[in-house]
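This report refers to the structure that appears directly beneath it.
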There are 4 protein chains.
Amino acid sequence: MAKQEASLPTKAEKSRNLILHSAAKLFREQGFSATTLRQIAAAARIEAGSIYYYFDSKEAILDEILDRGLRHVFESVKAAVKGAGQATYRRRIELAIEAHLVALLESSDFTSANIRIYGQLQEHLKKPHRPLRRAYARYWDKLFLDARKAGEIRADIEIEPLRIFVIGALNWTVEWFRLDSKDDVLKLARRTQLMVFDGIKK
Amino acid sequence: MAKQEASLPTKAEKSRNLILHSAAKLFREQGFSATTLRQIAAAARIEAGSIYYYFDSKEAILDEILDRGLRHVFESVKAAVKGAGQATYRRRIELAIEAHLVALLESSDFTSANIRIYGQLQEHLKKPHRPLRRAYARYWDKLFLDARKAGEIRADIEIEPLRIFVIGALNWTVEWFRLDSKDDVLKLARRTQLMVFDGIKK
Amino acid sequence: MAKQEASLPTKAEKSRNLILHSAAKLFREQGFSATTLRQIAAAARIEAGSIYYYFDSKEAILDEILDRGLRHVFESVKAAVKGAGQATYRRRIELAIEAHLVALLESSDFTSANIRIYGQLQEHLKKPHRPLRRAYARYWDKLFLDARKAGEIRADIEIEPLRIFVIGALNWTVEWFRLDSKDDVLKLARRTQLMVFDGIKK
Amino acid sequence: MAKQEASLPTKAEKSRNLILHSAAKLFREQGFSATTLRQIAAAARIEAGSIYYYFDSKEAILDEILDRGLRHVFESVKAAVKGAGQATYRRRIELAIEAHLVALLESSDFTSANIRIYGQLQEHLKKPHRPLRRAYARYWDKLFLDARKAGEIRADIEIEPLRIFVIGALNWTVEWFRLDSKDDVLKLARRTQLMVFDGIKK
DNA sequence: CATGAATGAGCCTTCATTCAT
DNA sequence: GATGAATGAAGGCTCATTCAT
């Protein structure tokens, strides 16, 4: 009962995590409502009924996946930016772009599931996650705002549309990107950084 | 499929179209499998059973929506580019961006439904639409390729990643953009064109 | 769509009623939660899913059964008493006893189901039916009160315990009485009337 | 089943009893099939799985409750009558009525659970308890028969319907009576005795 | 053309039960 | 003695689909 500190994951914790990972993968691939609990159970190699030992409902699974997914990108990006110390703002934003892409395409299925299915969920499923989503948006806004104040990006650019444009381009990768090697994501990141900052014109 | 030679739409054709539009809106909002035939029927103000007079199955409705949606953007973009005559390639691409956005966000729900749900569909539902999707991708590639040959965009940019980046940024708008007025879409288009060509750096 | 006056029951109305009667019988025999929709469907010779064409839920079926059941006894008793005209109060109460028993044991399964299962239902299922139950209790109370005022029953008898005693003795019959012929119920009624008024002592 | 010779109850016996009491209360309130083993376990402050250390199945719990419940009224009534010595038959029956009511409404939940749920159980669950039920009925029949022979109750009254009427009125109290104080049950008993013997007429 | 009625497969969920620890 | 973890059968309910009218 007492929570052990940094102890090995118990059997139960492993089962719980296996369910979450299986569900996240399926949600990302097929969407929330097209995914059945039997599919999740099969992927986790248990019976459908057993899922209810760990979760109250299909929605409870979704809830935890959405939360973990967003928290994961957010923390990755914050860590990357923090790690940049006093680099230029361009550099910081470049690192944020890379971190966002890595979290989305490599780390786990939580983030990609979140990005992919959130928009089509019913209102009551989205609601609890809105505060964190807003916080993440504000974090990027601050990054761009600081860069503009520092004169590193054009003064006539509005922050919000910019953020939407950039994150949109990043998020869309989830629709087509298939993981082959870490290099691929980094290469994709580099290209994206360049495109965002310098555009495509000669 | 529908027989017609510019005659007035019959009552049957009107019902058919109403079903398609109702379905497209719901598919875009909730996804394919979360949308029920009864919801579609209610939105079209008929009974669920009546849908089968016009369509063989739910999948048949989807099929037509996907097809119309993609055809619609594709034709809009081609028309816009053709209308530009011998303008610069930058101008042509700018018009393509605008046309894509207008088709996606304004014209109807077919295109937005297509963009939004395609990725999560089962393989057998995607398959028939792949040829057209590829053709559309090649059309953009040609646009960018010509621009590069003409020296209007940087020589070191690879075409495919560029196309993915641009269309991705455009498509993601479907996740957040809510139509208020035509101006908004055009403003969005102008900003996007600028960002794509000139980037954000000072 | 327009309600026809006293028209023949439509096919749909017949199905609906068949479901209700099948359910009432099973509820009375086994209780509410031990009865499955599949059992009800089988008894009504349809498929379980078809029940939902007529009812929103199992609870909706219960609701209508409870309502019909209580309404039925109530109206039977009122009609019987009214039919007695200006008879003595003893006579009126005797007729009420008979009417209650006939409704409970003969007329249909709605009343017996109601009497038998009400007490074990969850609070939220009972609640909507409380007003009518109270009204029925008050009706009996008035009957006894008038009889006491008229000096036909002993002055020292408290009305509420009396009503509870009498209705209790009547209702308990549902636990053991099995219908053979109309005579049986009437014989039972006569015995009960006698016992209630004259007691058993010599 | 439990081995014991007036020794103190072991821990195991206490657990077993706690399970039985918890179950009886829930069965009485909600019925047998609406009560889950997890509810019983929670009420007994153990885990659901642990119940199987003491009982083979949910039905085994029911079985013991039914048995204890009936045995308890039966013995109470016998003891009360026996304690009356050579009193009049009216007095003996009055004491039996009181004892039945006290057992039903006060002593424990076993008897009330039995009375309330027995009628809706499946045949195979009722069967083992029928002999004892019949014996209890015969016991009352004998009481009334003796009273009639002794000329204390009217000669024209048939014994079986009388017993059914009286026990029915007593048992129905379980549907509405809520325990407040011992006096209440005794008051209820006195009223019932009076009503049974003298009826309500002036 | 359109619907009302019904189907049956399958969904999420519950629950008595099992068993290794 | 007792539990945590898991099972699998079944329950209420939904939904695409069918078809006589």
Side-chain angles (χ1 to χ4, degrees), chain A residues 1 10-16 19 33-41 44-61, chain B residues 10-12 14-16 33-41 44-61, chain C residues 1 10-16 19 33-41 44-61, chain D residues 10-16 19 33-41 44-61:
Chain A
M1 283 252 147
T10 64
K11 190 181 167 207
E13 273 161 0
K14 269 193 262 179
S15 289
R16 211 185 125 85
I19 293 169
S33 74
T35 299
T36 72
L37 283 176
R38 280 166 176 77
Q39 287 176 331
I40 297 172
R45 266 156 294 134
I46 55 173
E47 295 299 313
S50 308
I51 292 177
Y52 286 81
Y53 185 75
Y54 298 99
F55 298 93
D56 286 344
S57 65
K58 192 185 173 191
E59 294 192 356
I61 299 176
Chain B
T10 65
K11 191 182 166 204
K14 270 197 263 182
S15 287
R16 212 185 126 84
S33 77
T35 298
T36 71
L37 282 180
R38 274 178 172 76
Q39 286 176 332
I40 296 170
R45 267 156 294 135
I46 55 172
E47 294 300 314
S50 309
I51 291 178
Y52 286 83
Y53 183 78
Y54 298 99
F55 298 93
D56 284 345
S57 65
K58 193 184 173 190
E59 295 193 354
I61 299 176
Chain C
M1 283 249 145
T10 64
K11 189 181 167 206
E13 273 161 359
K14 270 193 264 179
S15 290
R16 211 186 125 87
I19 293 169
S33 75
T35 299
T36 72
L37 284 175
R38 281 166 176 81
Q39 286 176 333
I40 296 171
R45 267 156 295 135
I46 56 172
E47 294 299 313
S50 308
I51 291 178
Y52 286 82
Y53 184 74
Y54 297 99
F55 297 95
D56 286 344
S57 65
K58 193 185 172 190
E59 295 193 354
I61 299 176
Chain D
T10 64
K11 190 181 167 204
E13 275 161 0
K14 270 196 264 180
S15 287
R16 212 185 126 82
I19 292 169
S33 78
T35 299
T36 70
L37 282 179
R38 274 178 171 78
Q39 287 176 331
I40 297 170
R45 266 156 293 134
I46 55 172
E47 294 300 314
S50 310
I51 291 179
Y52 286 82
Y53 182 78
Y54 299 100
F55 297 93
D56 284 345
S57 66
K58 193 185 173 189
E59 295 193 353
I61 299 176

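Only a predicted model underlies this, so the values are computations on that prediction, with no experimental measurement involved.
Both A:K11 and D:I46 lie close to DNA chain F; mapped to their nearest nucleotides by heavy-atom distance, the more 5′-ward contact belongs to D:I46. With the nearest nucleotide of DNA chain E identified for both C:E47 and D:A34, C:E47 has the one nearer the 5' end.
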Between the protein and nucleotides 17-21 of chain E, list every N/O to N/O distance that falls short of 3.5 Å.
unit_1	atom_1	unit_2	atom_2	d
E:dT17	OP2	D:Y52	OH	2.8
E:dT17	OP2	D:K58	N	2.8
E:dT17	O5'	D:Y52	OH	3.0

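At a threshold of 4.0 angstrom between heavy atoms, the contacts of B:S33 with the nucleic acid are absent. C:I51 comes within 4.0 angstrom of nothing in the nucleic acid, heavy atoms only. Within the nucleic acid shown, B:T35 comes within 4.0 Å of sugar-phosphate atoms alone, with no base atom in reach, counting heavy atoms only.
Across E:dG4, F:dT7, E:dA2, the shortest atom-to-atom separation from the side chain of B:Y53 is found for E:dA2.
When all heavy atoms of B:S15 and B:Y54 are compared, the pair lying nearest together is CB-OH, 3.3 Å. Across every non-hydrogen atom of B:I46 and B:I51, the tightest pair is CD1-CG1, 3.9 Å.
In this structure, C:R16 atom CZ and E:dG4 atom P are separated by 16 Å, rounded to whole Å. Between the CZ atom of D:R45 and the C1' atom of F:dT3 there is a distance of 17 Å, rounded to whole Å.
Taking CZ from C:R16 and OG1 from C:T10, the interatomic distance works out to 10.5 Å, rounded to the nearest 0.5 Å.
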note = For DNA chain E, the dot-bracket notation using Watson-Crick and G-U wobble pairs below 3.5 Å, [ ] for pseudoknot-type crossings and | for other-strand pairs, is .||||||||||||||||||||
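Look at D:T36 and you won't find any side-chain N or O under 4.0 angstrom from OP1 or OP2 of E:dT14.
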Donor-acceptor pairs are to be reported for all side-chain atoms of residues 33-40 of chain A against protein atoms at under 3.5 Å, with residues two or more places apart or in another chain.
unit_1	atom_1	unit_2	atom_2	d
A:S33	OG	B:S33	OG	2.8
A:S33	OG	B:A34	N	3.2
A:T35	OG1	A:L26	O	3.3
A:T35	OG1	A:Q30	OE1	3.2
A:T35	OG1	A:G31	O	2.7
A:T36	OG1	A:R38	N	3.4
A:T36	OG1	A:Q39	N	3.0
A:Q39	OE1	A:T36	N	3.1

